[in-house]
Amino acid sequence: MAGNSRQSGRSVTERALSVLTAFGPDADRLSLTEISHRAEIPLATAHRLVGELENWGALQRDAAGRYAIGLRLWELGLLAPVHTGLRGVAMPYMQQLHEQTGANVQLAVRDGLQAVYVEKLTGRRSTPIISRSGGRLPLHTTGVGKVLLAHASREEVQEYCAHHLSRHTPYTIVEPGRLVRELGGIQRRGFAWTTEEMTLGSCSVAVPVLSEGEVMAALGLVVDSARAEVAKLVRPLSRSAGSIGDRLAEMNRTTAGVE
């Protein structure tokens, strides 16, 4: 689609958001032409919207004339409850868990059909991983993602399985029936375990973060598949997740005025 027809039915807000979502992990700096192409809006419209977003601080331009996400959006992002509440509570326990295990530690929440990584901790000697704070990965390929999907409603699981299950390695589970059976097993045993389903050479184990019976997030560890010992990882992981959940519940009771 070309010209103004690309704007048909799209509000100014939608077009402005399309400018912001043109940026991503693989495109953190873009020219005006690239923004126009990725946002699917005419160059003249992109020029106007980018100028307004830059003036407000949502975008910033470098010496070469390329644009990046501005500090104003970063400041607003820090006000999100998932950052001020969940991340703030979880960080001390995640740091302790990383010190105990030496493994990568991940905290994720579910947003629709994806796992959003709230925070991750990694060390110099930790197994390389592709997840990043603020990044998204499919639910069926990771330990934290499977935990979150296992605690979704039956309708949500059916909707997820109705979509194409992407294969990232030869070991990724892409058969809906097999995935549903595994999700049932996760619910029964209380943790998820993946072996090289997202990245070759790495395994992950994850548990739910429960607060007053509600799954608030998933906490996971990623280690080298050659030295993975599930039982030794699940115990400290479960303790940390329990402490995070208890602290969240305590904060909720305080906020509600319940002693």
Side-chain angles (χ1 to χ4, degrees), residues 24-28 87 90-91 93-111 113-151 160-161 163-209 217-241:
D26 62 334
D28 58 351
R87 181 187 176 278
M91 275 300 289
Y93 302 104
M94 292 178 67
Q95 290 168 343
Q96 184 180 50
L97 187 59
H98 175 64
E99 292 169 1
Q100 290 175 341
T101 64
N104 298 293
V105 185
Q106 302 176 325
L107 181 70
V109 296
R110 183 169 69 89
D111 184 22
L113 305 180
Q114 295 177 311
V116 178
Y117 287 77
V118 177
E119 186 57 271
K120 76 166 189 176
L121 295 178
T122 185
R124 183 167 53 87
R125 297 181 180 178
S126 300
T127 303
I129 54 176
I130 64 173
S131 63
R132 62 181 181 83
S133 299
R136 295 168 178 261
L137 286 176
L139 292 169
H140 69 287
T141 62
T142 65
V144 289
K146 286 186 179 181
V147 163
L148 295 169
L149 189 57
H151 290 84
Y160 188 88
C161 290
H163 288 72
H164 173 68
L165 299 180
S166 54
R167 185 186 294 278
H168 296 263
T169 77
Y171 306 104
T172 307
I173 295 176
V174 295
E175 301 82 14
R178 184 181 169 195
L179 178 60
V180 169
R181 288 194 296 274
E182 179 162 342
L183 296 177
I186 292 169
Q187 285 187 316
R188 289 191 296 274
R189 65 177 177 262
F191 67 89
W193 172 252
T194 68
T195 303
E196 302 187 341
E197 293 186 45
M198 187 70 225
T199 307
L200 292 176
S202 67
C203 298
S204 65
V205 60
V207 298
V209 175
L219 184 67
L221 296 173
V222 180
V223 298
D224 189 297
S225 57
R227 58 185 181 87
E229 297 182 71
V230 181
K232 289 186 178 180
L233 296 175
V234 170
R235 285 194 290 270
L237 189 58
S238 297
R239 285 196 298 269
S240 297

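Nothing fancy with the numbering, it's 1 onward along the sequence.
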State, with a plain yes or no, whether a side-chain heavy atom of [X] is found less than 4.5 Å away from one of [Y].
X: V205; Y: F191; result: yes
X: W193; Y: I186; result: no
X: K146; Y: I173; result: yes
X: L221; Y: V105; result: yes
X: V222; Y: T199; result: no
X: V223; Y: T101; result: no
X: L165; Y: P138; result: no

Only distances under 3.5 Å count here; give the side-chain donor-acceptor pairs of residues 230-237 to other protein atoms, sequence neighbours excluded, each with its distance to 0.1 Å.
unit_1	atom_1	unit_2	atom_2	d
K232	NZ	E229	OE1	3.4

Quick check: closest heavy atoms across [X] and [Y], and the distance to 0.1 Å?
X: A217; Y: L107; answer: CB-CD1, 4.0 Å
X: P208; Y: A241; answer: O-CB, 3.7 Å
X: C161; Y: L179; answer: SG-CD2, 4.1 Å
X: L200; Y: P170; answer: CD2-CD, 4.2 Å
X: V147; Y: A206; answer: CG2-O, 3.4 Å

Between M94 and L219, does the side-chain contact (heavy atoms from CB on, under 4.5 Å) criterion hold? Intermediate values first, please.
CA-CA 9 Å; M94 292 178 67; L219 184 67; 4.0 Å; yes
Please check: side-chain N/O of [X] versus main-chain N/O of [Y], any donor-acceptor pairing under 3.5 Å?
X: Y160; Y: H140; answer: yes
X: T169; Y: E196; answer: yes
X: Q187; Y: A150; answer: yes
X: H98; Y: N104; answer: no

How long is the span from the [atom1] atom in [X] to the [atom2] atom in [Y], to the nearest 0.5 Å?
X: T195; Y: Y171; atom1: OG1; atom2: OH; answer: 10.0 Å
X: M198; Y: S166; atom1: CE; atom2: OG; answer: 7.0 Å
X: L139; Y: Q114; atom1: CG; atom2: CD; answer: 7.5 Å
X: L183; Y: L149; atom1: CG; atom2: CG; answer: 4.5 Å
X: D111; Y: R136; atom1: CG; atom2: CZ; answer: 4.5 Å

Candidate list E99, M91, Q106, test side chain to side chain contact (heavy atoms under 4.5 Å, CB included), partner L121, passing option:
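The option that passes is M91.
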Step-by-step side-chain hydrogen bond (donor to acceptor under 3.5 Å, both in side chains) determination, T194 to S204
CA-CA 5 Å; T194 68; S204 65; 2.5 Å; yes
